Amino acid sequence: MFYHFLFPLNDLFGVFNVFRYITFRCVGAIVTSFLLVVFLTPWFIRRLRQYKIGQVIREDGPESHFSKEGVPTMGGAMIIGVMVLTTLLWVNLVNIYVWILLAVALWFAAIGSYDDFRKIKKNNSKGLSARWKLCLQIIGGTIAAVFIYNISDLGGQLSLPFFKDFRPDLGSGYILFALLVIVGSSNAVNLTDGLDGLATGPTVTSSAVYLVFSYLAGHALLSSYLQIPYVAGAGEVAIFCGAMVGASLGFLWFNTFPAQIFMGDTGSLALGASIGTVAIIIKQEILLALVGGIFVMEALSVIMQVGFFKVSGGKRIFLMAPFHHHYEKKGWHEPKIVVRFWIVSIILGLSALATLKLR
Ligand code: 57M
């Protein structure tokens with residue numbers, strides 16, 4: 001909105017010219033969403049307490065989690081609400097990618113909210129059935145994947161980190177691949193969100209790294225210099241990423257140990273799907289395995305654990321999956337696990353940025 005209302009005023013006052021620049025609007029989006037979340041969340045927590053929207057804790061989990069019973073949940077509504085508002089304030093609203101991203105974030109947040117509500121209403125940890133959840137995710141993911149595939153000049157091409165010229169073309173099979181990335185990313189963040197700040201921290205680093213990649217992908221000169229795919233209009237995606245960085249960072253203020261609020265599936269499903277969709281739009285899908293390495297590792301730990309459990313007739317690789325539970329069972333304190341996962345996430349993010357020069 002600022003872009004449409006304030007930038008035209010540069011004819012009268014030159015200073016309004018800054019609203020043209022993506023860099024300025026990115027910083028604006030980060031600061032706006034951070035401040036909105038930091039100032040609104042205490043009020044939101046009071047409302048959640050008032051309406052008794054609190055976490056129901058699984059009985060089969062680590063004992064250290066029992067004290068978390070009743071912690072206000074569905075904080076994702078605040079993250080996603082602020083992200084949407086901030087994006088609308090700072091982007092060029094003519095950009096189609098931004099609308100796809102907003103639709104994905106809202107659709108996945110709606111699935112998560114329904115799931116969270118059911119858990120709270122029934123007062124048990126079973127929300128929407130896994131099958132229904134997946135069905136709804138596939139519907140949203142497919143629509144987004146088809147749209148992006150049809151809009152993109154690059155069609156079904158994949159871009160691989162470290163390879164500047166090798167870009168395999170999946171043709172229309174790309175739609176299935178994109179769907180897997182969006183739904184996989186959504187579920188991986190959801191699985192990671194099991195300790196205070198554990199999913200929020202890597203969400204900040206992942207969205208910050210994708211902010212840089214989106215900016216570069218949308219810049220004709222820089223993308224050609226760095227030999228990454230040029231995606232016209234991707235610069236505005238960087239502003240969406242900025243809103244995600246700021247809102248997640250603001251939420252981390254309250255979600256860090258000891259958490260005053262959880263994001264719920266409302267937040268985890270939507271943030272994961274948003275990151276996956278950004279990766280698809282800017283053609284840095286494979287890089288997501290590195291940028292979101294923590295999420296990938298957590299999801300893999302579950303797949304390995306369940307797979308091994310079945311083939312071995314009841315044996316386990318980890319003391320408990322997802323991976324973070326393994327360290328809890330080993331007796332590590334929660335903040336120690338979380339901060340170490342953050343450190344790994346930062347290193348992975350920096351490695352992803354380093355691939356820009358290694359191709
Ligand atoms: C949901 N949700 C948290 C909170 C958060 C297939 C199986 C591996 C699935 C997996 C699972 O259900 N994972 C996804 C994880 C829950 O958090 C809520 O859910 C939202 C995210 N979706 O925002 O609203 C609990 O996590 C804790 N928490 C915090 N701080 C936070 O900031 O402490 C969350 C956010 C909260 C709170 O305690 O209640 C969750 O873990 O339930 N299942 C599992 O993770 C289970 N693992 C398992 O069964 N493993 C087996 C399998 C793989 C063979 C094994 O290893 O043998 C464990 N989950 C729990 N306890 N809680 C089992 C034990």
Side-chain angles (χ1 to χ4, degrees), residues 41 45 48 53-80 108-109 111-120 123-131 133-134 137 185-203 248 251-273 295 297-330 333-335 337-338 341-342:
T41 303
I45 291 174
L48 291 172
I53 302 185
Q55 187 66 46
V56 184
I57 306 287
R58 296 169 62 131
E59 283 161 13
D60 54 352
E63 277 176 28
S64 56
H65 285 249
F66 296 162
S67 61
K68 298 180 188 228
E69 179 82 37
V71 170
T73 186
M74 293 185 72
M78 172 58 67
I79 307 179
I80 304 303
F108 281 77
I111 302 171
S113 311
Y114 185 62
D115 190 26
D116 287 334
F117 257 127
R118 279 182 68 120
K119 285 180 200 158
I120 294 157
N123 198 28
N124 68 31
S125 54
K126 289 182 185 61
L128 194 58
S129 76
R131 193 177 295 171
K133 208 193 262 185
L134 188 63
Q137 288 177 314
S185 172
S186 175
N187 287 317
V189 174
N190 188 32
L191 286 172
T192 307
D193 193 24
L195 295 178
D196 296 353
L198 187 66
T200 320
T203 298
S248 307
F251 187 73
L252 189 57
W253 193 274
F254 304 96
N255 181 228
T256 193
F257 184 86
Q260 295 161 265
I261 186 168
F262 298 153
M263 67 171 81
D265 283 24
T266 313
S268 57
L269 293 183
L271 289 171
F295 305 131
M297 193 184 70
E298 292 270 40
L300 281 180
S301 73
V302 172
I303 295 168
M304 285 161 65
Q305 179 92 328
V306 176
F308 190 72
F309 190 87
K310 282 190 182 148
V311 296
S312 70
K315 289 199 180 119
R316 289 180 162 82
I317 301 176
F318 306 105
L319 295 174
M320 191 184 267
F323 202 39
H324 55 262
H325 287 315
H326 175 76
Y327 289 106
E328 276 195 299
K329 289 273 182 191
K330 279 180 90 170
H333 287 301
E334 186 170 347
I337 305 171
V338 173
F341 275 50
W342 287 352

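Remember, it's 1-based here, ligands and their atoms both numbered in the order they're listed. Residue numbers run from 1 in the order of the sequence given. Keep in mind the model is a prediction, meaning the values are calculated, not measured.
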| field | Numbering as shown, the atoms of ligand 1 that approach S268 to under 4.0 Å (heavy-atom distance) | value | 21 (C), 22 (N)

| query | Are there protein heavy-atom neighbours of atom 53 (C) of ligand 1 below 4.0 Å? | reply | yes

| query | Which atom pair, heavy atoms only, marks the closest approach of S301 to F323? | reply | OG-N, 2.9 Å

| said: For atom 13 (N) of ligand 1, what is the closest protein heavy atom, and at what distance to 0.1 Å? | reply: L191 CD2, 3.5 Å

| field | Contact atoms of ligand 1, heavy-atom distance to M263 under 4.0 Å | value | 23 (O)

| query | Just distances here: any N/O of R316 and N/O of ligand 1 closer than 3.5 Å? | reply | yes

| Applying a 4.0 Å heavy-atom criterion (strictly less than), which segment of L198 is in contact with ligand 1: side chain, backbone, both, or neither? | neither

| query | Looking only at protein heavy atoms, which one is nearest to atom 58 (C) of ligand 1, and how far off is it? | reply | H325 NE2, 3.6 Å

| request: Would you check if I111 and T266 make a side-chain contact, meaning some heavy-atom pair closer than 4.5 Å? | output: no

| query | Which heavy-atom pair separates T256 from W342 by the least distance, and what is that distance? | reply | OG1-CH2, 3.9 Å

| T73 versus I120: any side-chain heavy-atom pair under 4.5 Å? | yes

| message | Out of all atoms in ligand 1, which are within 4.0 Å of some heavy atom of D196? Include the element for each. | response | 29 (C), 30 (N), 31 (C), 32 (O), 33 (O)

| How far is atom 56 (O) of ligand 1 from its nearest protein heavy atom, and which residue and atom is that? | A321 N, 2.6 Å

| task | Any atoms of ligand 1 less than 4.0 Å from a non-hydrogen atom of H65? List them with their elements. | result | 27 (C), 33 (O), 37 (C), 38 (O)

| Side chains of K329 and F318: closer than 4.5 Å at any heavy-atom pair? | no

| Within-4.5 Å side-chain heavy-atom neighbours: F251 and I261 | yes

| Heavy-atom gap A259 to ligand 1 smaller than 4.0 Å | no

| Do F309 and R316 come close enough that some side-chain heavy atom pair is under 4.5 Å? | yes

| task | Applying side-chain contact (heavy atoms from CB on, under 4.5 Å), name anything that partners K119, two or more places apart in sequence or on another chain. | result | D115, D116, D265

| query | Going by the atom numbers of ligand 1, which of them fall below 4.0 Å from some non-hydrogen atom of I57? | reply | 38 (O), 39 (O)

| task | Enumerate the atoms of ligand 1 whose separation from the nearest heavy atom of D265 is less than 4.0 angstrom. | result | 19 (O), 20 (C), 21 (C), 22 (N)

| atom 24 (O) of ligand 1: which protein heavy atom is closest, and how many Å away? | Q55 OE1, 2.5 Å

| request: Search all heavy atoms of S248 against all heavy atoms of L271 and return the closest pair with its distance. | output: OG-CD2, 4.3 Å

| query | If you count the atoms of ligand 1 from 1 in the order shown, which ones are under 4.0 Å from a heavy atom of N255? | reply | 32 (O)

| note | What one should report as the nearest heavy-atom pair of I45 and P72 is CG2-CG, 4.0 Å

| task | Distance to 0.1 Å, residue and atom name: give those for the protein heavy atom nearest to atom 55 (C) of ligand 1. | result | Q305 NE2, 3.6 Å

| Going by heavy atoms in the side chains, are F262 and K68 under 4.5 Å from each other? | yes

| said: Suppose we measure from atom 49 (O) of ligand 1 to each protein heavy atom; which comes out shortest, and what is that distance? | reply: R58 NH2, 3.8 Å

| Which residue holds the protein heavy atom closest to atom 6 (C) of ligand 1, what is that atom called, and what is the gap in Å? | V302 CG1, 4.2 Å

| query | Does atom CD of E69 have more than 12 heavy-atom neighbours from other groups under 6.0 Å away? | reply | yes

| What is the nearest protein non-hydrogen atom to atom 17 (O) of ligand 1, stated with its residue, atom name and distance? | D193 O, 3.6 Å

| query | For ligand 1, is there an N or O atom under 3.5 Å from any N or O atom of I261? | reply | no

| field | pair E298-V189: side-chain heavy atoms closer than 4.5 Å | value | no

| In terms of atom number and element, which parts of ligand 1 are under 4.0 angstrom from non-hydrogen atoms of V306? | 53 (C)

